[in-house]
Every structure is written in C-alpha cells, then in structure tokens.
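First up is the structure itself, then whatever we jot down about it.
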Amino acid sequence: MTQFAFLSADFPDLLTHAKVAESSALSDPRGACFRARLTLETAINWLYRNDPSLRSPYQDNLAALIAEPSLSQLTGPAIVTKARFIKNQGNRAAHDSGKPLTAQDAAATVRELFHVCYWIART
C-alpha cells in the first residue's frame, strides 16, 4: 500500500515515480531521492503545461521553473520551499558522491514530495 494512492485517478505518471521513491526510501536512499526529484520534475512540468497563470522562466530546467515568481504566487512559499528541498536532495543523489544520503534524508525527501503531490491533487 502506498501513501500516494490519491494520485492514481488523475496523475498516474506521478504515482509511478512516487511509489518507487517511497518504497526505496529506507533500502536505497540515493535512488529514492533521485526518484523523488523525477516525480517533482514531472509534476512541475505538468503544472506549467496546464496552468495558464504560470509564466515561462528564463530557462526550462527544474531550478528555473521553481524559481519563477509565478509558481510561488500560485502555490505559496511553502510548496516552493519543499520543491527546492526535493530538487536539492535529488541533485545530491545524482551528482554528489561525497556525503552519502541516509535513510532519514530519503524519508524527509519523500515526506516533502507527499506534500507537493497532495497540493497538486487537491488544487
């Protein structure tokens, strides 16, 4: 059973990625953080395709999409802060071989992902 089941009807792509992040948080923290970032990127891209209030940022990468002021106006600062955290942990998983990610890091990342996905599904 997944905590992300609420995504199944309207956001099956998000559900697919989120379930992998959730199920691997304790056993594969690096993979979980990477999948959480992938879920976030899929969600943010969906928002930009479907909400006309969002303006195109200066670049089309995830950092620029999150930094675009219209996203914060739409979601509020809490969701943007959570998105940045997920992005940073995912980037750390993909690029930083210095300090390994812990199960606690992955659990925190998946928890923030839950909040972002819930906001999208609810709104």
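Predicted model, so just to flag it, every value in this text is computed and none were measured. These numbers come from the heavy atoms of this one structure, side chains and all, not from hydrogens, waters or symmetry mates.
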Identify the two heavy atoms, one from [X] and one from [Y], that lie closest to each other, and give their separation to 0.1 Å.
X	Y	value
A106	A32	CB-CB, 4.0 Å
N45	L65	OD1-CD1, 3.3 Å
A21	A36	CB-N, 3.8 Å
S70	R55	OG-N, 3.0 Å

Heavy-atom check, side chain of [X] versus side chain of [Y], under 4.5 Å:
X	Y	result
E112	Q89	no
W119	F114	no
L62	I66	yes

What ring-ring contact (aromatic ring centres under 6.0 Å, His included) pairs are there with at least one residue in residues 22-56, not counting sequence neighbours?
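Non-adjacent pairs meeting ring-ring contact (aromatic ring centres under 6.0 Å, His included): F11-W46.
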Ignoring hydrogens and angles, state whether a donor on the side chain of D105 or T102 is under 3.5 Å from an acceptor on the partner side chain.
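Indeed, the side chains of D105 and T102 share at least one donor-acceptor pair under 3.5 Å.
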Do other residues, nucleotides or ligands put more than 12 heavy atoms under 6.0 Å from D60 CG?
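Not buried by this count: 12 neighbours or fewer within 6.0 Å.
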With S27, which residues qualify under side chain to side chain contact (heavy atoms under 4.5 Å, CB included), at least two apart?
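Partners of S27 under the side chain to side chain contact (heavy atoms under 4.5 Å, CB included) test: S24.
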Which residues satisfy the side chain to side chain donor-acceptor pair (under 3.5 Å) test with E22, sequence neighbours excluded?
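Partners of E22 under the side chain to side chain donor-acceptor pair (under 3.5 Å) test: T2.
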